[in-house]
There are 2 protein chains.
Amino acid sequence: MEPGSGPRRVTIVDVAAHARVSTTAVSKVMRNAYGVSPAMRERVTAAIAELGYRPRAAARGMRGRTYTIGVLLPDIRNPFFPDIVDGITGHLHDSEYQVMIGTGGRGPGDGAGDAESELRVVDAMVDRGMDGMVLVAPAAGQKRLDEVAGGVPVVVIGRHMRSARHDTVVDDDARGAALVVDHLTGLGHRRIAHIDQREPDRGRAETMPNAVRTRGYRDAMRAHGLEAEIDVVSTGYTEDGGYRGAKWLLERTIRPTAIFAGADIVAMGVLTAVAEAGLRVPHDISVAGYDNTSFAALGPIGLTSVDQAGRQIGADAARLLVQRMADTGRASTFITTSPNLVVRRTTATPPA
Amino acid sequence: MEPGSGPRRVTIVDVAAHARVSTTAVSKVMRNAYGVSPAMRERVTAAIAELGYRPRAAARGMRGRTYTIGVLLPDIRNPFFPDIVDGITGHLHDSEYQVMIGTGGRGPGDGAGDAESELRVVDAMVDRGMDGMVLVAPAAGQKRLDEVAGGVPVVVIGRHMRSARHDTVVDDDARGAALVVDHLTGLGHRRIAHIDQREPDRGRAETMPNAVRTRGYRDAMRAHGLEAEIDVVSTGYTEDGGYRGAKWLLERTIRPTAIFAGADIVAMGVLTAVAEAGLRVPHDISVAGYDNTSFAALGPIGLTSVDQAGRQIGADAARLLVQRMADTGRASTFITTSPNLVVRRTTATPPA
DNA sequence: TTGAAAGCGCTAACAC
DNA sequence: GTGTTAGCGCTTTCAA
């Protein structure tokens, strides 16, 4: 029991006394460690059950592990991240590890990827002795990530960079963006605009998923001979970012016939702006997203989107993390997953 | 540094040696405790900065606090919960506390409110020495909650029950449900169905938000002389729950003219099912939700919903928690917030 | 005001 | 196979 009153919490000493064995024995049984006779194990197990003993993770953490895995999410509102979390917790469900989620302490309206806030959360997780961490699209630089990964097993999701210190799971974002552009040009679109997330740091630009999607968009446009039509608005991967970006685009004298939003959550804002402008989707303008979140599939939405199998990505990350926690020095793994385009009802031939 | 190699982590001993003071002094400075001269404070502060010292939360937790607050969410997919989390983190932003979020390890498709999984998470938080916890719509029984709250400061959000051990912040769910029914009957609806979350435990039924909304719906229907039209389908507060519930309702020989979903996330599933059935909203059928999440306001959705100010609720909870952590023995507070109906475009007069 | 020393609950060496 | 003994990095009495 912490500061509260109540009865003192059962400790390993109580269990040892109750079972008339040493605390070492209890500790070993708890950890399924080597060197306990079946008889001893049984007595200890019984005592544990009888007293309702649960070890304190903090105390364990002082010497061994805390059995806690930290997951850093850039933004809890983006419906794509729960998919990843599901994959992680699903993989860890039968293990002794507990997942704790941390997000930047940002209010709504602020852009995702607040680097300072993220730094605090990562530090906080390290300070709390997490046995391992999954960092989803972290904004930190390579150097900082390597630093963190040097101290605790880390798997990074979404950053396009290899590191010897941590494992990486990433979607082929350039390919995903190309899928969208190919699809839209195939329908006859030429003026295809893209809304992405502003990337303040030039250094890490090449490795952030948003930046790679934008690059994929540019390259694909060029490949279709549409270099002159390239049109990127940078706001943020939030609903509001999509709303503001679309407002901006719709005010153009020659407005785009299609908007490719860098994330489904962005597309949501786009749809709102489009509706407010009195335009109909896809009759007047086509809209596509990225992530294929559950909201994209909603009846009244039916958003064309790029599927990147968040659950699978999360599960892969968890698997790699477990391996790395077991063998800290192992060589790092780099997994790339392939995106798929899911065509729904927000994309069609452009207005005549 | 945990298991990893790398340089040993800076400890309080290093700082003390570097500043040529005792570890006690460093500890006091870290905690802004009473009894340090300005000169001493300055030297210690300098040493801390120079060495980049950050205390290990686990070690602090052995004697004092961990500076960590646990937030239990029943479901990370429901877009209402980020509002609450924003309120909590917003209030705690400038404090020394860090927020860690835990959710049941459920895969998609399972209903929310998995009691066993929730139990594990709450235990895990207690075991990890959380200084305080905010439990959002926990499924646990009164007894269990009091037990937990006896050991660590707790604020419960969403349960309709007073407890001497923990504070409570709750929306007037019965009133919210009545607002919807009043609105729909005012439009001329009589066959108003409700989709709620199955409540397996009779004991706690009266106190769960879903159950109270259902009761509010029933009472309001009766008040309008529509007792015979009461029609409740129990699935879960998930998108899939809404989808299945609506499928079921739409198969009725005499189908309802309006569906009141117990949560926005449920309404999302309803909208999908309605669209699949080839029906138009609100022309053929009206739909209303609860929570007024950001998705309700989306252009293509425009869902009529009950606003319960999640951000405010979260902020209130955080405020109460901070007070309780400062004074464990204080009398408990019970806050009820008043819901508001936000009418959008999914509700209209019933078909002739 | 300052610091020495005793733990917090657990795990890891090391004896037996 | 079992128990004894040191700590892990902090906070907290309690003397000085």
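For clarity, every value in this text was computed on a predicted model and none was experimentally measured. Order of the sequence lines sets the chain letters (A, B, ...), proteins ahead of strands, with each chain counted from 1.
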Could you tell me whether [X] contacts a base, only the sugar-phosphate backbone, or nothing, with contacts defined as non-hydrogen atoms closer than 4.0 Å?
X: B:Arg31; result: base
X: A:Val36; result: sugar-phosphate
X: B:Met30; result: nothing

Counting only side-chain heavy atoms from C-beta out, which of [options] sits nearest to [X]?
X: B:Thr23; options: C:dG3, D:dG3, C:dA5; value: C:dA5
X: B:Arg56; options: C:dG3, D:dC10, C:dT2; value: D:dC10
X: A:Ser37; options: C:dG3, D:dG1, C:dA12; value: D:dG1
X: A:Arg63; options: C:dC8, D:dG3, C:dC10; value: C:dC10
X: B:Ala59; options: C:dT2, D:dG9, D:dT11; value: D:dG9

Salt-bridge test for A:Asp127 and B:Arg60: reply yes if a basic N is under 4.0 Å from a carboxylate O, no otherwise. no
Salt bridge B:Asp86-A:Arg77, side-chain N to carboxylate O under 4.0 Å: yes
Donor on one side chain, acceptor on other, A:Arg324 and A:Thr328, under 3.5 Å: no
Are B:Arg128 and A:Thr68 linked by a side-chain donor-acceptor pair shorter than 3.5 Å? yes
Gap between atoms [atom1] and [atom2], on [X] and [N] respectively (whole Å):
X: B:Ile12; N: C:dA4; atom1: CD1; atom2: P; value: 13 Å
X: B:Met62; N: C:dC10; atom1: CE; atom2: C1'; value: 7 Å
X: A:Tyr34; N: C:dA13; atom1: OH; atom2: C1'; value: 17 Å
X: A:Ile48; N: C:dC10; atom1: CD1; atom2: P; value: 10 Å
X: B:Arg9; N: D:dG9; atom1: CZ; atom2: P; value: 10 Å
X: B:Tyr53; N: D:dG9; atom1: OH; atom2: P; value: 10 Å
X: A:Tyr67; N: C:dG9; atom1: OH; atom2: C1'; value: 14 Å
X: A:Lys28; N: D:dT4; atom1: NZ; atom2: C1'; value: 12 Å

N/O donor-acceptor pair under 3.5 Å between A:Ser332 side chain and A:Ser163 backbone: yes
May I ask you to decide if A:Thr66's main-chain N or O and A:Asp131's side chain share a donor-acceptor pair within less than 3.5 Å? yes
Any B:Ser22 side-chain N or O less than 4.0 Å from OP1/OP2 of C:dG3: yes
One would report the end-axis bend of the helix from C:dT1-D:dA16 to C:dC16-D:dG1, five pairs per end and rounded to 10 degrees, as 40°
Does any N or O donor sit under 3.5 Å from an N or O acceptor when you compare the side chain of A:Thr24 with the base of C:dT11? no
Got a donor-acceptor pair under 3.5 Å from the side chain of A:Ser27 to the base of C:dA12? no
With side-chain hydrogen bond (donor to acceptor under 3.5 Å, both in side chains) as the test, pick out the partner of A:Thr207 among A:Arg162, A:Arg159, A:His160. A:Arg159
Who passes salt bridge (Lys or Arg N to Asp or Glu O under 4.0 Å) against B:Arg144, sequence neighbours left out? B:Asp123, B:Glu147
